[in-house]
Amino acid sequence: MNLEQLVALDVHTHAEVSRDGRGSLSPALLGASEDYFKAHGHRQPTIAETADYYRSRRMAAVVFTVDAEHATGHPRISNEEIAEDCAEHADVLIPFASIDPYRGRAGVREARRLVEEYGVRGFKFHPSIQGFAPDDRLAYPLYQAIEELGAVALFHTGQTGIGAGVRGGGGIRLKYSNPMLVDDVAVDFPDLRIILAHPSFPWQDEALAVATHKEHVYIDLSGWSPKYFPPQLVRYANSLLQEKVLFGSDYPVLTPDRWLADFEKLEIKPAVRPKILKTNAARLLFPAHRTENEK
(Lines give C-alpha, C1' and ligand atoms only; values in the text may rest on other atoms or scores of the structure.)
Protein backbone atom coordinates (compact mmCIF):
# COMPACT_ATOMS: atom_id res chain seq x y z
CA MET A 1 0.00 0.00 0.00
CA ASN A 2 1.48 3.32 -1.08
CA LEU A 3 0.17 5.69 1.56
CA GLU A 4 1.66 8.78 -0.06
CA GLN A 5 -0.49 8.28 -3.16
CA LEU A 6 -3.75 7.98 -1.20
CA VAL A 7 -6.01 10.97 -0.65
CA ALA A 8 -7.81 9.42 2.33
CA LEU A 9 -7.93 6.39 4.60
CA ASP A 10 -11.38 5.24 5.71
CA VAL A 11 -11.11 3.36 9.02
CA HIS A 12 -14.69 2.11 9.14
CA THR A 13 -16.30 -0.04 6.43
CA HIS A 14 -18.33 -3.22 6.65
CA ALA A 15 -18.16 -6.61 4.96
CA GLU A 16 -21.88 -7.38 4.90
CA VAL A 17 -22.00 -10.41 2.63
CA SER A 18 -19.94 -13.60 2.51
CA ARG A 19 -18.61 -15.34 -0.58
CA ASP A 20 -21.67 -17.61 -0.59
CA GLY A 21 -24.08 -14.67 -0.29
CA ARG A 22 -24.91 -14.97 3.41
CA GLY A 23 -25.47 -11.70 5.23
CA SER A 24 -23.61 -10.50 8.31
CA LEU A 25 -26.90 -9.74 10.10
CA SER A 26 -30.26 -11.45 10.37
CA PRO A 27 -32.91 -10.14 7.93
CA ALA A 28 -34.79 -8.42 10.78
CA LEU A 29 -31.74 -6.53 12.06
CA LEU A 30 -30.54 -5.71 8.55
CA GLY A 31 -33.96 -4.32 7.67
CA ALA A 32 -33.96 -2.13 10.77
CA SER A 33 -30.52 -0.80 9.86
CA GLU A 34 -31.67 0.00 6.32
CA ASP A 35 -34.70 1.84 7.71
CA TYR A 36 -32.51 3.83 10.09
CA PHE A 37 -30.00 4.86 7.42
CA LYS A 38 -32.65 5.20 4.68
CA ALA A 39 -30.55 2.74 2.71
CA HIS A 40 -33.21 0.49 1.21
CA GLY A 41 -32.17 -0.96 -2.10
CA HIS A 42 -28.45 -0.55 -1.54
CA ARG A 43 -26.75 -3.73 -2.70
CA GLN A 44 -24.27 -5.27 -0.34
CA PRO A 45 -20.91 -5.12 -2.13
CA THR A 46 -18.42 -7.95 -2.17
CA ILE A 47 -14.94 -7.23 -0.87
CA ALA A 48 -13.66 -7.13 -4.45
CA GLU A 49 -16.29 -4.53 -5.30
CA THR A 50 -15.38 -2.52 -2.22
CA ALA A 51 -11.75 -2.59 -3.34
CA ASP A 52 -12.68 -1.33 -6.80
CA TYR A 53 -14.78 1.44 -5.28
CA TYR A 54 -11.97 2.73 -3.08
CA ARG A 55 -9.24 2.21 -5.66
CA SER A 56 -11.11 4.37 -8.17
CA ARG A 57 -11.15 7.16 -5.56
CA ARG A 58 -7.49 6.78 -4.54
CA MET A 59 -8.55 5.82 -1.03
CA ALA A 60 -7.87 2.88 1.27
CA ALA A 61 -10.30 1.30 3.71
CA VAL A 62 -10.40 -0.83 6.84
CA VAL A 63 -12.84 -3.72 6.39
CA PHE A 64 -14.53 -5.84 9.07
CA THR A 65 -17.64 -7.75 10.04
CA VAL A 66 -19.24 -8.20 13.48
CA ASP A 67 -19.20 -11.52 15.33
CA ALA A 68 -22.26 -11.51 17.60
CA GLU A 69 -23.20 -15.15 17.36
CA HIS A 70 -23.60 -15.67 21.11
CA ALA A 71 -26.17 -12.87 21.51
CA THR A 72 -27.98 -13.13 18.17
CA GLY A 73 -27.57 -16.75 17.12
CA HIS A 74 -26.62 -15.53 13.64
CA PRO A 75 -23.38 -17.05 12.29
CA ARG A 76 -20.65 -14.56 11.49
CA ILE A 77 -18.84 -14.13 8.22
CA SER A 78 -15.47 -15.86 8.48
CA ASN A 79 -12.62 -13.61 9.59
CA GLU A 80 -10.23 -15.72 7.53
CA GLU A 81 -12.38 -15.20 4.44
CA ILE A 82 -12.36 -11.43 4.90
CA ALA A 83 -8.60 -11.35 5.51
CA GLU A 84 -7.89 -13.53 2.47
CA ASP A 85 -10.08 -11.40 0.22
CA CYS A 86 -8.52 -8.19 1.54
CA ALA A 87 -5.06 -9.64 0.88
CA GLU A 88 -5.98 -9.88 -2.80
CA HIS A 89 -6.49 -6.11 -2.73
CA ALA A 90 -3.74 -5.12 -0.32
CA ASP A 91 -3.14 -1.89 -2.23
CA VAL A 92 -6.40 -0.46 -0.86
CA LEU A 93 -7.88 -2.76 1.81
CA ILE A 94 -6.81 -3.35 5.42
CA PRO A 95 -8.35 -6.36 7.20
CA PHE A 96 -9.78 -6.14 10.69
CA ALA A 97 -11.45 -9.10 12.39
CA SER A 98 -14.27 -9.48 14.89
CA ILE A 99 -14.31 -12.04 17.68
CA ASP A 100 -17.20 -12.46 20.08
CA PRO A 101 -15.77 -12.12 23.63
CA TYR A 102 -17.96 -15.06 24.65
CA ARG A 103 -15.70 -17.32 22.60
CA GLY A 104 -13.26 -17.27 25.53
CA ARG A 105 -9.88 -18.96 25.12
CA ALA A 106 -10.76 -20.12 21.63
CA GLY A 107 -11.27 -16.49 20.68
CA VAL A 108 -7.86 -15.54 22.08
CA ARG A 109 -6.19 -18.28 20.05
CA GLU A 110 -8.08 -17.13 16.98
CA ALA A 111 -6.96 -13.52 17.48
CA ARG A 112 -3.32 -14.55 17.61
CA ARG A 113 -3.65 -16.70 14.51
CA LEU A 114 -5.44 -13.96 12.56
CA VAL A 115 -2.71 -11.42 13.25
CA GLU A 116 0.26 -13.74 12.85
CA GLU A 117 -0.93 -15.76 9.85
CA TYR A 118 -3.47 -13.53 8.07
CA GLY A 119 -2.11 -10.03 8.61
CA VAL A 120 -5.15 -8.71 10.49
CA ARG A 121 -4.40 -5.27 11.93
CA GLY A 122 -7.29 -4.76 14.33
CA PHE A 123 -10.50 -6.06 15.87
CA LYS A 124 -14.03 -4.66 15.80
CA PHE A 125 -16.25 -4.83 18.89
CA HIS A 126 -19.93 -3.89 18.91
CA PRO A 127 -20.86 -4.15 22.59
CA SER A 128 -24.58 -3.54 22.08
CA ILE A 129 -24.98 -6.24 19.45
CA GLN A 130 -22.52 -8.62 21.12
CA GLY A 131 -24.29 -8.17 24.45
CA PHE A 132 -21.38 -7.30 26.73
CA ALA A 133 -20.04 -4.29 28.59
CA PRO A 134 -16.56 -3.32 27.35
CA ASP A 135 -15.25 -3.26 30.94
CA ASP A 136 -16.50 -6.81 31.62
CA ARG A 137 -13.54 -9.01 32.61
CA LEU A 138 -14.96 -11.58 30.21
CA ALA A 139 -13.22 -9.72 27.39
CA TYR A 140 -9.93 -9.00 29.15
CA PRO A 141 -7.97 -12.02 27.87
CA LEU A 142 -8.91 -10.98 24.34
CA TYR A 143 -7.82 -7.37 24.96
CA GLN A 144 -4.55 -8.61 26.40
CA ALA A 145 -3.83 -10.63 23.27
CA ILE A 146 -4.70 -7.71 21.00
CA GLU A 147 -2.43 -5.41 23.00
CA GLU A 148 0.45 -7.89 22.91
CA LEU A 149 0.01 -8.34 19.16
CA GLY A 150 0.18 -4.59 18.58
CA ALA A 151 -3.25 -4.58 16.94
CA VAL A 152 -6.06 -2.02 17.26
CA ALA A 153 -9.36 -2.43 19.13
CA LEU A 154 -12.27 -0.56 17.55
CA PHE A 155 -15.42 -0.18 19.66
CA HIS A 156 -18.82 0.88 18.39
CA THR A 157 -20.07 3.70 20.63
CA GLY A 158 -23.37 5.53 20.90
CA GLN A 159 -26.76 4.67 19.51
CA THR A 160 -27.03 2.06 16.78
CA GLY A 161 -29.42 1.81 13.87
CA ILE A 162 -29.27 -1.97 14.11
CA GLY A 163 -32.44 -3.08 15.87
CA ALA A 164 -33.98 0.41 15.78
CA GLY A 165 -37.76 0.14 15.57
CA VAL A 166 -37.78 -3.62 16.03
CA ARG A 167 -39.79 -4.93 18.99
CA GLY A 168 -37.61 -4.45 22.07
CA GLY A 169 -34.85 -3.11 19.86
CA GLY A 170 -34.15 -6.66 18.75
CA GLY A 171 -32.76 -7.31 22.23
CA ILE A 172 -29.94 -4.82 21.70
CA ARG A 173 -29.03 -2.76 24.77
CA LEU A 174 -27.69 0.71 24.07
CA LYS A 175 -26.09 1.10 27.50
CA TYR A 176 -23.18 -1.17 26.54
CA SER A 177 -22.02 1.37 23.95
CA ASN A 178 -21.38 4.23 26.37
CA PRO A 179 -17.75 5.18 25.60
CA MET A 180 -17.07 5.72 29.31
CA LEU A 181 -17.14 1.93 29.65
CA VAL A 182 -14.01 1.84 27.49
CA ASP A 183 -12.14 4.06 29.95
CA ASP A 184 -11.38 1.10 32.23
CA VAL A 185 -10.06 -0.80 29.22
CA ALA A 186 -7.69 2.06 28.40
CA VAL A 187 -6.48 2.09 32.01
CA ASP A 188 -6.02 -1.65 32.37
CA PHE A 189 -4.38 -2.02 28.93
CA PRO A 190 -2.39 1.21 28.64
CA ASP A 191 -0.60 0.22 25.42
CA LEU A 192 -3.74 -0.95 23.63
CA ARG A 193 -4.59 1.34 20.71
CA ILE A 194 -8.33 2.01 20.81
CA ILE A 195 -10.76 3.65 18.41
CA LEU A 196 -14.13 4.91 19.65
CA ALA A 197 -16.30 4.59 16.56
CA HIS A 198 -18.86 7.23 15.56
CA PRO A 199 -20.03 10.49 17.07
CA SER A 200 -21.18 8.91 20.34
CA PHE A 201 -24.76 10.15 20.68
CA PRO A 202 -25.93 10.64 23.41
CA TRP A 203 -22.50 10.38 25.06
CA GLN A 204 -20.36 12.67 22.92
CA ASP A 205 -18.82 14.48 25.88
CA GLU A 206 -17.85 11.17 27.46
CA ALA A 207 -16.04 10.12 24.28
CA LEU A 208 -14.18 13.42 24.10
CA ALA A 209 -13.18 13.10 27.74
CA VAL A 210 -11.80 9.58 27.33
CA ALA A 211 -9.92 10.41 24.11
CA THR A 212 -8.44 13.55 25.65
CA HIS A 213 -7.39 11.79 28.85
CA LYS A 214 -6.10 8.46 27.53
CA GLU A 215 -2.98 8.43 25.36
CA HIS A 216 -3.97 5.74 22.87
CA VAL A 217 -7.70 6.42 22.45
CA TYR A 218 -8.89 7.81 19.12
CA ILE A 219 -12.30 8.77 17.68
CA ASP A 220 -13.57 7.89 14.22
CA LEU A 221 -16.24 10.02 12.56
CA SER A 222 -18.19 7.30 10.80
CA GLY A 223 -21.92 6.72 10.61
CA TRP A 224 -22.93 10.39 10.53
CA SER A 225 -22.84 12.98 7.82
CA PRO A 226 -20.42 15.69 9.03
CA LYS A 227 -23.18 18.29 8.77
CA TYR A 228 -24.77 16.66 11.83
CA PHE A 229 -21.63 16.55 13.99
CA PRO A 230 -22.11 18.04 17.47
CA PRO A 231 -20.32 21.40 17.79
CA GLN A 232 -18.10 20.20 20.62
CA LEU A 233 -16.84 17.34 18.43
CA VAL A 234 -15.85 19.79 15.70
CA ARG A 235 -14.21 22.08 18.26
CA TYR A 236 -12.10 19.27 19.74
CA ALA A 237 -11.22 17.92 16.28
CA ASN A 238 -9.85 21.35 15.44
CA SER A 239 -7.83 21.64 18.63
CA LEU A 240 -7.07 19.17 21.42
CA LEU A 241 -7.84 16.04 19.41
CA GLN A 242 -6.58 17.06 15.99
CA GLU A 243 -4.04 14.21 16.11
CA LYS A 244 -6.61 11.63 17.26
CA VAL A 245 -9.68 12.07 15.05
CA LEU A 246 -10.09 9.75 12.06
CA PHE A 247 -12.08 9.69 8.84
CA GLY A 248 -14.57 6.84 8.72
CA SER A 249 -17.66 6.51 6.56
CA ASP A 250 -19.65 3.36 7.56
CA TYR A 251 -19.70 2.19 3.94
CA PRO A 252 -21.89 0.87 2.39
CA VAL A 253 -24.75 2.45 4.37
CA LEU A 254 -23.00 5.83 4.26
CA THR A 255 -20.68 6.38 1.32
CA PRO A 256 -17.39 8.25 1.51
CA ASP A 257 -18.60 10.35 -1.42
CA ARG A 258 -21.41 11.81 0.66
CA TRP A 259 -19.28 12.03 3.81
CA LEU A 260 -16.45 13.88 2.09
CA ALA A 261 -18.80 16.28 0.31
CA ASP A 262 -20.31 17.30 3.64
CA PHE A 263 -16.91 17.35 5.36
CA GLU A 264 -15.72 19.87 2.80
CA LYS A 265 -18.33 22.31 4.13
CA LEU A 266 -17.35 21.81 7.76
CA GLU A 267 -15.30 24.50 9.49
CA ILE A 268 -12.12 22.49 9.90
CA LYS A 269 -8.74 24.22 9.84
CA PRO A 270 -6.79 23.61 6.60
CA ALA A 271 -3.86 22.14 8.53
CA VAL A 272 -6.16 19.70 10.34
CA ARG A 273 -8.04 18.31 7.32
CA PRO A 274 -5.23 16.04 6.04
CA LYS A 275 -4.67 14.75 9.56
CA ILE A 276 -8.30 13.64 9.84
CA LEU A 277 -8.50 12.27 6.31
CA LYS A 278 -5.29 10.24 6.32
CA THR A 279 -2.28 11.13 8.45
CA ASN A 280 -3.71 10.19 11.85
CA ALA A 281 -4.97 6.83 10.61
CA ALA A 282 -1.71 6.07 8.81
CA ARG A 283 0.23 6.67 12.01
CA LEU A 284 -2.19 4.51 14.01
CA LEU A 285 -2.43 1.57 11.61
CA PHE A 286 1.15 1.63 10.37
CA PRO A 287 3.23 2.79 13.37
CA ALA A 288 6.53 2.38 11.54
CA HIS A 289 5.32 4.63 8.74
CA ARG A 290 5.86 8.37 8.61
CA THR A 291 4.36 10.40 5.82
CA GLU A 292 6.54 12.68 3.71
CA ASN A 293 5.20 15.72 5.53
CA GLU A 294 6.42 14.32 8.84
CA LYS A 295 9.96 13.34 7.77
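Quick caveat: nothing in here was measured; it's all calculated off a predicted structure.
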To the nearest 0.5 Å, how far apart are CZ in Arg273 and CZ in Phe263? 5.0 Å
Leu192 with Val187, same ILVMFWY side-chain cluster at under 4.5 Å: no
Go through it in stages, so that I can follow the logic: the residues are Tyr236 and Phe229, the test is ring pair (Phe, Tyr, Trp, His ring centres under 6.0 Å), and I'd like the CA-CA distance, side-chain angles, deciding distance and then a yes or no. CA-CA 11 Å; Tyr236 272 73; Phe229 288 171; over 10 Å; no
Heavy atoms only: give me the nearest Ile99-Gly107 pair and the separation to one decimal. CD1-O, 3.4 Å
Check: Pro230 and Phe201 side chains under 4.5 Å, non-hydrogen atoms: no
Under the criterion side-chain contact (heavy atoms from CB on, under 4.5 Å), which of Val217, Leu181, Val182 is the partner of Phe155? Val182
Do Asp85 and Val63 pass the side chain to side chain contact (heavy atoms under 4.5 Å, CB included) test, and can you show the C-alpha distance, the side-chain angles, and the key distance before you say yes or no? CA-CA 10 Å; Asp85 289 354; Val63 181; over 6 Å; no
Tightest non-hydrogen contact, residues Met1 and Asp91, listed as CG-O, 3.5 Å
Yes or no on side chain to side chain contact (heavy atoms under 4.5 Å, CB included) for Leu260 and Met59, after CA distance, side-chain angles and deciding distance? CA-CA 12 Å; Leu260 290 168; Met59 299 181 198; 3.1 Å; yes
Cluster link Leu240 to Ile219, ILVMFWY, side chain under 4.5 Å: yes
Has the side chain of Arg112 got a donor or acceptor atom that lies under 3.5 Å from a matching backbone atom of Ala145? no
Min side-chain heavy-atom separation Leu277-Val7 under 4.5 Å: no
Relative to the ring of Phe96, is the ring of Phe64 parallel (under 30°), tilted (30 to 60°) or perpendicular (over 60°)? tilted
Report yes if the side chains of Ile194 and Phe125 come closer than 4.5 Å at any heavy-atom pair, otherwise no. no
Closest heavy-atom pair and its distance - Thr13, Ser249: CG2-OG, 4.2 Å
Provide the closest heavy-atom pair for Thr46 versus Glu49 in the form atom of the first, atom of the second, distance. N-OE1, 2.9 Å
Under a 3.5 Å distance rule, please check whether Lys278 uses its side chain to pair with a backbone N or O of Leu3 as donor and acceptor. yes
Checking Asp262 side chain against Tyr228 main chain: does a donor-acceptor pair fall under 3.5 Å? no
If we ignore hydrogens and angles and just use 3.5 Å, is the side chain of Trp259 paired with the main-chain N or O of Tyr251 as donor and acceptor? no
Applying salt bridge (charged side-chain N to carboxylate O under 4.0 Å, His left out) as the test, list every pair that has at least one member in residues 203-214; sequence neighbours left out. Asp183-Lys214
Main chain of Arg173, side chain of Ser128: is a donor-acceptor contact present, judged purely on distance under 3.5 Å? yes
Here the gap from Leu266 atom CG to Leu221 atom CG, rounded to the nearest 0.5 Å, amounts to 9.0 Å
Do the side chain of Tyr102 and the main chain of Gly131 share a donor and acceptor less than 3.5 angstrom apart? yes
Please check: side-chain N/O of Lys244 versus main-chain N/O of Glu215, any donor-acceptor pairing under 3.5 Å? yes
Check against side chain to side chain contact (heavy atoms under 4.5 Å, CB included), Gln130 and His70: CA-CA 7 Å; Gln130 292 173 318; His70 173 84; over 6 Å; no
Should Trp203 and Ile172 be counted in the same cluster of Ile, Leu, Val, Met, Phe, Trp and Tyr side chains packed under 4.5 Å apart? no
Please check if any side-chain donor atom of Asp188 sits under 3.5 Å from a side-chain acceptor atom of Tyr140, or the reverse. yes
Which of these, Ile82, Leu149, Leu114, sits in a side-chain contact (heavy atoms from CB on, under 4.5 Å) with Val120? Leu114
Given the rule that I, L, V, M, F, W and Y join up when any side-chain heavy atoms are under 4.5 Å apart, are Tyr176 and Phe132 in one cluster? no
Kindly say whether Tyr143 contributes a backbone atom to a donor-acceptor pair with the side chain of Glu147 at under 3.5 angstrom? no
Atom CG of Leu154 and atom CZ of Phe123: how far apart are they, to the nearest 0.5 Å? 12.0 Å
What's the spacing between Leu93 CG and Glu88 CD if we round to 0.5 Å? 10.5 Å
Which pair of non-hydrogen atoms, one from Ala197 and one from Ser200, has the smallest distance, and what is that distance? O-OG, 4.4 Å
Tightest non-hydrogen contact, residues Ile77 and Glu16, listed as CD1-C, 3.8 Å
dist Ile129:CD1 -> Lys124:NZ (nearest 0.5 Å) comes out at 7.0 Å
Do Asp100 and Arg76 meet the salt-bridge criterion of a basic N to acidic O distance under 4.0 Å? no
Thr157 side-chain N/O to Ser177 backbone N/O, donor-acceptor pair under 3.5 Å: no
When clusters are formed by joining ILVMFWY residues with side-chain heavy atoms under 4.5 Å apart, either directly or through shared neighbours, do Ile276 and Val234 land in the same one? yes
Run the side chain to side chain contact (heavy atoms under 4.5 Å, CB included) check on Leu284 and Ile195 step by step: do they pass? CA-CA 10 Å; Leu284 173 63; Ile195 300 174; 3.6 Å; yes
Note, Arg109 side chain near Arg103 side chain (heavy atom, < 4.5 Å): no
First locate atom NE2 of His126, then atom OG of Ser98, and finally report the distance between them rounded to the nearest 0.5 Å. 10.0 Å
I need the single residue from Asp135, Asp136, Leu142 that forms a side-chain contact (heavy atoms from CB on, under 4.5 Å) with Leu138. Which is it? Asp136
Verify whether one side chain among Asn280 and Tyr218 offers a donor that lies under 3.5 Å from an acceptor in the other. no
Using modelled atom types and a 3.5 Å cut-off, is there a donor and acceptor pairing between side-chain atoms of Ser222 and backbone atoms of Asp250? no
Donor-acceptor pair between His12 and Asp220 side chains, under 3.5 angstrom: yes
